[in-house]
There are 2 protein chains.
Amino acid sequence: MNDKQLTSILNARSVKPTAMRLLVLDMLAQQEAASSLSDLEEQFDKVDKVTLYRTLKTFEQHKIIHSIDDGTGSAKYALCSEGCECNPGDLHVHFHCQVCKRTFCLTDYTIPAVNLPHKFVLKEMNMVMKGLCEDCAG
Amino acid sequence: MNDKQLTSILNARSVKPTAMRLLVLDMLAQQEAASSLSDLEEQFDKVDKVTLYRTLKTFEQHKIIHSIDDGTGSAKYALCSEGCECNPGDLHVHFHCQVCKRTFCLTDYTIPAVNLPHKFVLKEMNMVMKGLCEDCAG
DNA sequence: AAAAGACATGCAACCGATTTGCAAAGTTTA
DNA sequence: TAAACTTTGCAAATCGGTTGCATGTCTTTT
């Protein structure tokens, strides 16, 4: 993705396109799997972890990325699809490979509806499947 | 539950019924919602956190309890149903209330099946719903 | 019963991920 | 340009989870 495209993603979400942010957004856009804070930190090797952290928080608040709790103890981040509002209906399943440790967004696999007990109100949902990804299943 | 019942649960899973373990198991059995390590620590007020931690680990390994990752950053624990083997088929949905912060096992709500992409192998699953529980929805 | 072994408990300290405080640098606005 | 605000960088705290190691307890063996 070129700078113009990246900038317009940020603008669309009212986030000022600073150099740092464009860099991080670009990096995220290149990833096949969701990235943790430390994944990103390693890839850049010159950026401050806290700045990275705050950049991700800003992105998350503005629904540029969503965070994924895959149960490994470190949050992963991945780009939201265009116009995503992170509502239960927008949510997809995530898959964590126990071998290569990568976590994928299965964007084509929406979380199936579950009836809740009477009176419970659903706001958010998280569904993570774990096992072997296609590369590791062989 | 009386001591005899508690002891037999432990024996059934080959865990030596020490005083500590009976105490913790009893406490867990009394809970309506899943408990974190610190929840339990507060309830007892005289036990060492590490001992509690190791007790829970032992219980978990022997499938007396299961741990729940509700996304809050602290693991919750709840009793397994009798004979539970913690296989994907045994799994139920969990619900975390964003108001009262309690996490419940919805044991009657099994996790719906999701087709995975070709070649992916499923080993484990986690599904957490978040929102308002019946008490907080009002 | 004494000694040996095995497991359980308690305390201190560490670890990794995340978060906060605060000062410095960069931008925007009056 | 100066004041006001935002972003960035570094240090350090917090928090949940975990390990090492000494001590205590219980069981088994001699």
Side-chain angles (χ1 to χ4, degrees), chain A residues 6-7 10-11 13-27 34-62 64-78 96 101 103 126 128, chain B residues 3 6-7 9-11 13-28 34-62 64-78 96 101-103 126 128:
Chain A
L6 296 169
T7 301
L10 295 180
N11 283 332
R13 301 290 193 169
S14 325
V15 173
K16 252 186 274 183
T18 65
M20 177 87 234
R21 286 171 181 168
L22 289 168
L23 218 60
V24 175
L25 184 59
D26 189 35
M27 186 59 83
S35 314
S36 69
L37 183 54
S38 14
D39 289 342
L40 291 170
E41 200 187 0
E42 281 177 31
Q43 305 225 32
F44 285 113
D45 126 303
K46 200 80 188 164
V47 299
D48 177 53
K49 194 172 52 173
V50 177
T51 304
L52 211 38
Y53 167 77
R54 285 199 258 238
T55 302
L56 292 172
K57 280 290 166 204
T58 303
F59 284 3
E60 192 184 359
Q61 276 162 23
H62 291 79
I64 293 165
I65 61 177
H66 59 281
S67 84
I68 303 155
D69 178 357
D70 60 11
T72 58
S74 57
K76 306 284 188 305
Y77 300 89
H96 175 72
K101 311 295 180 196
T103 297
N126 183 33
V128 182
Chain B
D3 260 34
L6 296 169
T7 302
I9 292 178
L10 295 180
N11 283 332
R13 300 290 192 169
S14 324
V15 172
K16 250 188 272 183
T18 66
M20 178 86 234
R21 286 170 181 170
L22 289 169
L23 217 60
V24 175
L25 184 58
D26 188 35
M27 185 60 82
L28 283 167
S35 313
S36 69
L37 182 55
S38 14
D39 289 341
L40 291 170
E41 201 186 359
E42 282 176 31
Q43 304 226 30
F44 286 112
D45 123 306
K46 200 80 187 163
V47 299
D48 177 55
K49 192 173 56 171
V50 177
T51 305
L52 210 40
Y53 168 77
R54 285 198 258 237
T55 302
L56 292 173
K57 279 289 167 205
T58 304
F59 284 2
E60 192 185 0
Q61 275 162 24
H62 291 79
I64 293 165
I65 61 177
H66 59 280
S67 83
I68 304 155
D69 178 356
D70 60 11
T72 58
S74 57
K76 306 285 188 305
Y77 299 89
H96 175 72
K101 311 293 181 197
R102 289 181 299 172
T103 297
N126 183 33
V128 181

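Atom set for the values below is all heavy atoms of this structure, side chains included, hydrogens, waters and symmetry mates excluded.
- Remark: B:I64 CD1 to B:T58 OG1 distance equals 8.5 Å, nearest 0.5 Å.
- Atom P of nucleotide D:dG16 and atom CG of B:L40 are separated by 13 Å, given to the nearest angstrom.
- Atom CD1 of B:I9 sits about 9.5 Å away from atom CZ of B:R13, to the nearest 0.5 Å.
- We find the NE2-OG1 distance between B:H96 and B:T103 to be 5.0 Å, quoted to the nearest 0.5 Å.
- By the side-chain hydrogen bond (donor to acceptor under 3.5 Å, both in side chains) test, A:Q43 pairs with A:Q31, sequence neighbours left out.
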Output a table of nitrogen or oxygen pairs between the protein and nucleotides 19-28 of chain D separated by less than 3.5 Å.
residue	atom	partner	partner atom	Å
D:dG20	O6	B:R54	NH2	2.8

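- Taking atom CD of B:E41 as the reference point, atom C1' of D:dC15 lies 12 Å away to the nearest angstrom.
- A:K101 meets the salt bridge (charged side-chain N to carboxylate O under 4.0 Å, His left out) test with no other residue; sequence neighbours excluded.
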In residues 50-57 of chain A, what donor-acceptor pairs under 3.5 Å come from side-chain atoms, sequence neighbours left out?
residue	atom	partner	partner atom	Å
A:T51	OG1	A:D48	OD2	3.4
A:T55	OG1	A:T51	O	2.7

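- Defining each end axis of the helix from C:dA1-D:dT30 to C:dA30-D:dT1 as the rotation carrying four pairs' C1' atoms onto the next four, with five pairs an end, the two axes are found to diverge by 0° to 10 degrees.
- If A:D48 and A:V15 are placed on DNA chain D by their nearest nucleotide, the residue sitting closer to the 5' end is A:V15.
- For B:S35, there are no side-chain hydrogen bond (donor to acceptor under 3.5 Å, both in side chains) partners at least two apart in sequence or on another chain.
- For the segment residues 64-75 of chain B, the set of residues with a heavy atom within less than 4.0 Å of an atom of DNA chain D comprises B:G73, B:S74, B:A75, in numerical order.
- Partners of B:K49 according to the side chain to side chain contact (heavy atoms under 4.5 Å, CB included) rule, which considers only residues two or more places apart in sequence or in another chain, are B:L37, B:E41.
- With a heavy-atom cut-off of 4.0 Å to chain B, the contacted part of DNA chain C has its first and last nucleotide at C:dC7 to C:dA12.
- Smallest separation of non-hydrogen atoms from B:R21 and B:F59: O-CZ, 3.5 Å.
- Qualifying side chain to side chain contact (heavy atoms under 4.5 Å, CB included) partners for B:A75, counting only residues two or more places apart in sequence or in other chains: B:Y77.
- When atom types are taken as modelled, the side chain of A:N126 and the backbone of B:G71 share no donor-acceptor pair closer than 3.5 angstrom.
- When rounded to the nearest whole Å, the span between CG of B:D39 and P of D:dC15 equals 15 Å.
- With sequence neighbours left out, the side chain to side chain contact (heavy atoms under 4.5 Å, CB included) criterion links A:S36 to A:S38, A:D39, A:S74, A:K76.
- Rounded to whole angstrom, the span from the NZ atom of A:K46 across to the P atom of D:dT8 amounts to 17 Å.
- Residue contacts for A:K57: at a heavy-atom cut-off of 4.0 Å it reaches the sugar-phosphate backbone alone, with no base atom in range.
- Every residue meeting the side chain to side chain contact (heavy atoms under 4.5 Å, CB included) condition with A:L22, not counting sequence neighbours, appears here in chain and number order: A:D3, A:L6, A:T7, A:L10, A:P17.
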